[in-house]
Every structure is written in C-alpha cells, then in structure tokens.
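First up is the structure itself, then whatever we jot down about it.
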Amino acid sequence: MSEALNQADKFVGIEISNSSINGVCVNKNGELTVVHKVLLNKELDPFNNLVNFINEILDRFGGFDKIGIAVPGLINRETRRVAFSTFIPEHEKTDFFREIEAETGVKILIENDANAAAYGEFLIGAGRGNRNMFYATLGTGVGGAIIFDGKIWHGASGFAGEFGHLAINSEGLKLEDVASSANIVERTRSRYHQDHTSSLSKIGEYEITLNDIINAANNEDDFAQMMLERTGNYVGTAIAGVINLLNIEKIVIGGDIMQAEHFVLDAIILRAKKLSFAPSFETTEILVGKLGENAAAIGAGLLSAEY
C-alpha cells in the first residue's frame with residue numbers, strides 16, 4: 001500500500017447506485033472492518049439521501065473528516081462536478097458535493113465508480129503487486145478503468161475507460177448492448193421458448209433474473225451455461241482489443257455477472273486468446289476481482305487518502 005495509506009487509521013468510502021448506497025470502512029492494513037448498506041429512500045432527493053447516509057455512518061464508523069464517493073457517471077475533474085449521472089439529474093448545474101460538504105462537515109473526493117473499483121482491486125484486491133492494470137466491471141452497466149504506473153488514467157477530459165462503448169462487430173454493436181445484466185436477461189428471454197428442457201422454463205419468462213441464470217448454470221443447466229458463455233465471448237472480443245492496444249500485464253474483471261465465475265471467465269479467456277496478438281496475450285493475466293460488491297466503495301475510500 002502507498003505511503004499515504006499507511007499514514008491514516010482508516011478510510012471511508014461509499015458507492016452510489018440507482019437503488020442503494022453502500023458504505024465501507026477500511027483500516028490501514030487494507031482490511032474491511034465495517035459495511036453499511038441502505039436502499040435509497042424514494043421519497044427523498046439525492047442530496048438528502050446522501051446527507052442522511054453520511055450522518056448515519058459518522059455514527060456507525062466513528063468520526064472521520066473525509067470520504068470518497070464512487071458515482072455511476074462521468075466526472076469533470078476540473079470543476080469537481082458530475083458531468084453525467086442517472087443518479088444526479090442536475091449534472092453540472094449545481095455544486096452538488098460542495099453543498100454536501102457544507103451540510104455534513106466532511107471533505108469529499110468523487111470518482112467514477114469503475115475507476116474507484118479498479119483502484120480498490122489494484123491496491124488490495126486481484127491487482128495487488130502490479131504497476132499497470134485494466135479493470136472491467138459487468139453489472140447494471142459495463143464500465144472500465146485503466147491504471148498506469150500506479151495511478152488511474154483519466155484521459156484528456158476525464159472520461160477514459162468507457163469499456164461498454166467499444167464496438168464488438170462491424171455493425172457497431174456496443175459491448176454494453178449485450179453484456180450488461182439487463183441485456184443478458186433480455187437475450188435469455190428472447191430464446192426462452194427454444195429450450196424447454198432448461199430449468200429456467202419453470203420460471204415465468206418475465207420473472208427471470210440474472211441470479212436465476214447464474215444459479216441454473218451452477219446446477220449444470222446447459223442453456224443457462226450457454227447464455228453466460230456467449231456473454232463471455234462478447235466480453236472476450238473487447239478484451240482482445242485491450243490486450244492488443246495496451247499490452248498490459250493484468251486484466252481484472254468484476255461486477256455482478258462475475259458471480260458466474262468460470263462460465264464467463266473461461267469464455268473470455270478463450271475468445272481473447274483467439275483474437276489477440278499471441279505474444280501480448282501470453283504476458284497478460286485475466287482474472288476475477290476479489291473485492292466483490294464492495295470494490296467501488298473500498299476504492300473510493302482508499303482514494304480519499306489523496307484528498
């Protein structure tokens with residue numbers, strides 16, 4: 001861990017999603033000590049949801065004077081405002097986080113959720129011990145992040161790493177169109193009536209969830225396994241492009257979909273091997289993240305050391 005991290009007693013981070021807020025406390029050894037997660041109160045606006053949550057964890061985690069917040073959106077690093085987010089509709093019209101600082105008395109560092117998750121995996125997760133890493137997250141959306149020489153590479157405008165927007169065929173189909181959790185479910189439903197032997201046929205077509213597909217695959221359901229492997233093929237196509245372009249030593253893949261583990265990962269590796277430059281592929285390790293659903297919150301907390 002960096003010198004800055006060793007100088008602090010604890011790091012507090014939160015991740016905002018479209019349905020919940022997840023807060024974590026990490027000690028100076030990089031160990032997760034406390035987790036607190038709540039569903040968003042639909043009767044409150046984003047500002048009051050966040051203020052209430054920060055006040056809650058001030059009590060639960062003990063006092064702290066700064067916090068990292070992982071946001072599902074694009075961050076303008078010059079203005080420290082959110083350029084785009086489905087959670088914060090005001091975008092750059094208000095100084096959202098400065099107002100929260102004034103309300104709570106806590107200094108806030110904000111970061112894109114994929115970048116934050118990548119940093120967490122890089123420092124204390126699957127990327128530990130490397131200097132360069134690419135991170136992909138497969139969940140509600142598909143995101144990515146690049147770490148060069150121990151630092152997040154944000155690009156010219158702060159928007160680098162939009163992995164889900166990579167085209168994976170000549171028609172311009174984007175990876176997020178087929179590899180997000182919602183689209184995996186949609187693709188499974190579209191083939192629902194073609195395989196009546198699948199255990200998924202016992203579930204109503206419109207009741208199928210990603211967890212249902214993963215559970216069926218783990219119980220040796222061929223149809224569910226095929227749908228996950230196809231997802232891995234799509235992701236592997238994009239990963240091959242990353243390998244060819246960056247010749248990076250480690251690629252870490254996280255997000256809800258990776259609960260399926262080898263069904264997706266094996267397909268990613270096989271497809272990436274087929275499409276990538278062999279010498280580059282042979283020096284790249286592709287593996288599943290270790291921090292699970294807490295990756296972005298942990299990374300945001302660790303990044304707060306830089307504030």
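Expressed to the nearest 0.5 Å, how far CD1 of Ile147 lies from CZ of Phe134 amounts to 11.0 Å. For the atom pair CD (Gln225) and CZ (Phe263), the distance works out to 4.0 Å, reported to the nearest 0.5 Å. One finds the CZ atom of Phe223 at 7.5 Å from the CD1 atom of Ile213 (value rounded to the nearest 0.5 Å). Within the model, atoms CG of Leu287 and CD of Glu121 stand 8.5 Å from one another, a figure rounded to the nearest 0.5 Å. Rounding to the nearest 0.5 angstrom, the gap separating the CZ atom in Phe53 from the CG atom in Asn41 is 13.5 Å.
No donor-acceptor pair under 3.5 Å is formed between the side chain of Arg271 and the backbone N or O of Tyr234. No donor-acceptor pair closer than 3.5 Å links the side chain of Asn49 to the backbone N or O of Pro46. Proximity of a side-chain donor or acceptor of Lys250 to a complementary backbone N or O of Ala126 within less than 3.5 Å is detected. Looking at Glu101, its side chain does come within 3.5 Å of a backbone N or O of Ile108 through a donor-acceptor pair. Ser280 contributes no side-chain N or O that, together with a main-chain N or O of Asn244, makes up a donor-acceptor pair within less than 3.5 Å. A donor-acceptor distance shorter than 3.5 angstrom exists from the side chain of Asn55 to the backbone of Val51, with no hydrogens or angles considered. Of the possible donor and acceptor atoms, none in the side chain of Asn183 sits under 3.5 Å from a partner among the backbone N and O of Ser180. Judged purely by atom type and a 3.5 angstrom limit, Lys10 has no side-chain atom pairing as donor or acceptor with the backbone of Thr33. At least one donor-acceptor pair under 3.5 Å links the side chain of Asn132 to the backbone N or O of Asp149. At least one donor-acceptor pair closer than 3.5 Å links the side chain of Thr231 to the backbone N or O of Met227.
Of all non-hydrogen atoms in Phe64 and Ile54, the two that sit nearest each other are CZ-O, 4.4 Å. When all heavy atoms of Ala145 and Ala118 are compared, the closest pair comes out as CB-CB, 3.5 Å. The minimum heavy-atom distance linking Val178 with Ile184 is given by the pair O-CG1, 3.9 Å.
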Verdict with supporting geometry, Phe148 and Leu246, side-chain contact (heavy atoms from CB on, under 4.5 Å): CA-CA 10 Å; Phe148 285 144; Leu246 300 181; 3.9 Å; yes
Stepwise side-chain contact (heavy atoms from CB on, under 4.5 Å) check, Val82 with Ile75: CA-CA 5 Å; Val82 178; Ile75 309 297; 4.0 Å; yes
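Side-chain contact of Asp256 with Ser181: a donor-acceptor pair under 3.5 Å is absent, judged by distance alone. A side-chain donor-acceptor contact under 3.5 Å links Asp45 and Asn48. Between the side chains of Asn294 and Asn22, a donor-acceptor pair is found at a separation under 3.5 Å.
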